[in-house]
Amino acid sequence: MNMTDTTRITDYYLLDDLLSDEHKMIRASIRQAIRKDVRPFVEDAAQRHQQIDGLMQTLGEIGALGACIPAEYGGGGLDQVAYGVIMQELEAVDSAVRSAASVQSSLVMYPIFMYGSEEQKRKFLPELASGNLVGAFGLTEPNHGSDPRSMETTLRKDGVGYRLNGAKMWITNAPICDMAVVWAKDEESRVRGVLVQNGMDGFTRKETLHKWSLRASCTGELIFNEVYITEGDLLLGVDNMAGPLSCLNSARYGISWGVIGAAVDCYQTALRYALERMQFGKPIASYQLQQRKFSEMLTEITKAQLLAWRLGVLKDEGRASPQQISMAKRNNVQMALEVARESRQILGAMGIVGDFPIMRHLMNLESVSTYEGTHDIHLLITGQDVTGISAF
Ligand SMILES: Cc1cc2nc3c(=O)[nH]c(=O)nc-3n(C[C@H](O)[C@H](O)[C@H](O)COP(=O)(O)OP(=O)(O)OC[C@H]3O[C@@H](n4cnc5c(N)ncnc54)[C@H](O)[C@@H]3O)c2cc1C
């Protein structure tokens, strides 16, 4: 195998043949832009636990936000496979970069497009697509993570409007968001979607500090104290929990592609290192134990690529079930975590320093395994699908 051909190294089953010319063109353009405009700044941002300067605008400029939103609203008008390909390129750089694009595209723009009024779409979607506005998605609460149906945030009728009360926690981009899609229960205990904007009375944001994971992404709390909500701030098309769950399906699908990018970056880094690093007079890549690691990693990467691609095709045909998405999210994140761990071992002590991206990917992937439904919960979703019995 030609070692200078990095695509061939990790496209073992020639899956590129299954992509259209447009997909490949999009991938090449995102790859070139993200590696030039974002990758050089990622390690430093992660070390300093700071958001990359101007990240959202850059993502907007390179067309990485709202890929599947129609062009008339500022989106890319692309298919689901294209969205996956974009997420893969972003996460090859850092999961924080992909998270920023996932939240903006799947968790903020998608619900506005699906459930918003024409006025809301025209007002928010183009600004979100360009990265001029930063959005957040508020579902998780201090007391309710895996069980969002039990949320305590409330939306109470008050004259012609409503009052929003409660708190959301672990929210990506909370400290820097201009607006947020927030999920709350009305007086009939039905889940409603609300568009909250920065500057509304009673709305505050707080950063969660000292993270060891996704350090180049900011995370925080959204707090609502009698925030006045008008009818025009509501997402009127939302049908209870189906609203937030539909957003999560879109984001989880993107994760199943994205994490392959992180895994490939770890694998390629480790392979280059193992071919050059000499111990006992030979490259460590020549030892059977190391070759086993590479063989297993490449096998798992290839299986994950097939899963993500097939899921993308099913999604484009409108045939992907939430349960299939759960399987791909869980499998591919676990695959990426294991590849990152093995790759770090291959670099020995060098594996723990920021000169190489592996430890950063490894720490990031711990969060990716937890958010958008934990590893355990996705297993239980498959279990429920298989047996017809819910274990949660
Ligand atoms: C960096 C980061 C960014 C995030 N961004 C967002 C965001 O933008 N918006 C948002 O709304 N949320 C966000 N989250 C929150 C994330 O979605 C939740 O952390 C996740 O849903 C899990 O909830 P929890 O942390 O409260 O864990 P818990 O629900 O308390 O679960 C703890 C453990 O118990 C297990 N468990 C729970 N219930 C069961 C059961 N029935 N059976 C077996 N095991 C069970 C879980 O698998 C897990 O291992 C983010 C989280 C992180 C870490």
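Along the sequence shown, residues carry numbers from 1. Because only heavy atoms are used, hydrogens play no part in the values below, and waters and symmetry mates are left out as well, while side chains stay in. In each ligand, atom 1 is the first atom listed, and ligand 1 is the first ligand listed.
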Could you check Arg360 against Asp94 for salt bridge (Lys or Arg N to Asp or Glu O under 4.0 Å), going step by step and ending with a plain yes or no? CA-CA 8 Å; Arg360 177 163 49 77; Asp94 195 278; 2.5 Å; yes

[atom] [closest protein heavy-atom partner, distance rounded to 0.1 Å]:
| atom | value |
| --- | --- |
| atom 26 (O) of ligand 1 | Gly145 CA, 3.3 Å |
| atom 13 (C) of ligand 1 | Trp170 O, 2.8 Å |
| atom 9 (N) of ligand 1 | Phe137 O, 2.8 Å |
| atom 20 (C) of ligand 1 | Thr370 O, 3.5 Å |
| atom 53 (C) of ligand 1 | Ser367 OG, 3.9 Å |
| atom 43 (C) of ligand 1 | Leu380 CD1, 3.9 Å |
| atom 41 (N) of ligand 1 | Phe392 CB, 3.3 Å |

Consider every N or O of [X] and every N or O of ligand 1, then say whether any pair is closer than 3.5 Å.
| X | answer |
| --- | --- |
| Thr374 | yes |
| His144 | no |
| Lys211 | no |
| Ile377 | no |
| Ser146 | yes |
| Thr172 | yes |
| Tyr371 | no |
| Leu139 | yes |

Going by a strict under-4.0 Å cutoff (protein heavy atoms only), does [atom] have a neighbour on the protein?
| atom | answer |
| --- | --- |
| atom 32 (C) of ligand 1 | no |
| atom 23 (O) of ligand 1 | yes |
| atom 49 (O) of ligand 1 | yes |

Numbering as shown, the atoms of ligand 1 that approach [X] to under 4.0 Å (heavy-atom distance):
| X | result |
| --- | --- |
| Leu214 | 1 (C) |
| Asp376 | 35 (C), 46 (C), 47 (O), 49 (O) |
| Glu372 | 17 (O) |

State plainly whether the residues [X] and [Y] are in salt-bridge range, i.e. N to O under 4.0 Å.
| X | Y | value |
| --- | --- | --- |
| Glu276 | Arg272 | no |
| Asp239 | Arg192 | no |
| Asp376 | Arg330 | no |
| Lys123 | Glu119 | no |
| Glu338 | Arg341 | no |

Hey, does Asn143 have a side-chain heavy atom less than 4.5 Å from the side chain of Glu152?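 They are in side-chain contact.
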
Under a 4.5 Å cut-off applied to non-hydrogen side-chain atoms, are Tyr73 and Ile112 in contact?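 No, too far: nothing below the 4.5 Å cut-off.
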
So which of Thr140, Val368, Asp147, Leu248 gets nearest to atom 18 (C) of ligand 1, if we judge by its closest heavy atom?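 Answer by nearest heavy atom: Thr140.
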
Side chain to side chain contact (heavy atoms under 4.5 Å, CB included) partner of His378, the single match among Met327, Lys329, Gln334: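 Among Met327, Lys329, Gln334, the one meeting side chain to side chain contact (heavy atoms under 4.5 Å, CB included) with His378 is Lys329.
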
Ser286: which of Lys282, Gln288, Gln290 passes side chain to side chain contact (heavy atoms under 4.5 Å, CB included):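 Looking at Lys282, Gln288, Gln290, the match for Ser286 under the side chain to side chain contact (heavy atoms under 4.5 Å, CB included) is Lys282.
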
Would you check if there is a donor-acceptor pair between the side chains of Tyr115 and Ser246 at a distance under 3.5 Å?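 On atom types as modelled, these side chains qualify, holding a pair under 3.5 Å.
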
Pair Ser99, Tyr371: side-chain N/O donor-acceptor within cut-off below 3.5 Å: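 Note: Ser99 and Tyr371 side chains meet the donor-acceptor criterion.
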
For the pair Phe203 and Phe224, name the ring-plane relationship: parallel under 30°, tilted 30 to 60°, perpendicular over 60°.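 Judged by the thresholds at 30° and 60°, the geometry between Phe203 and Phe224 is parallel.
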
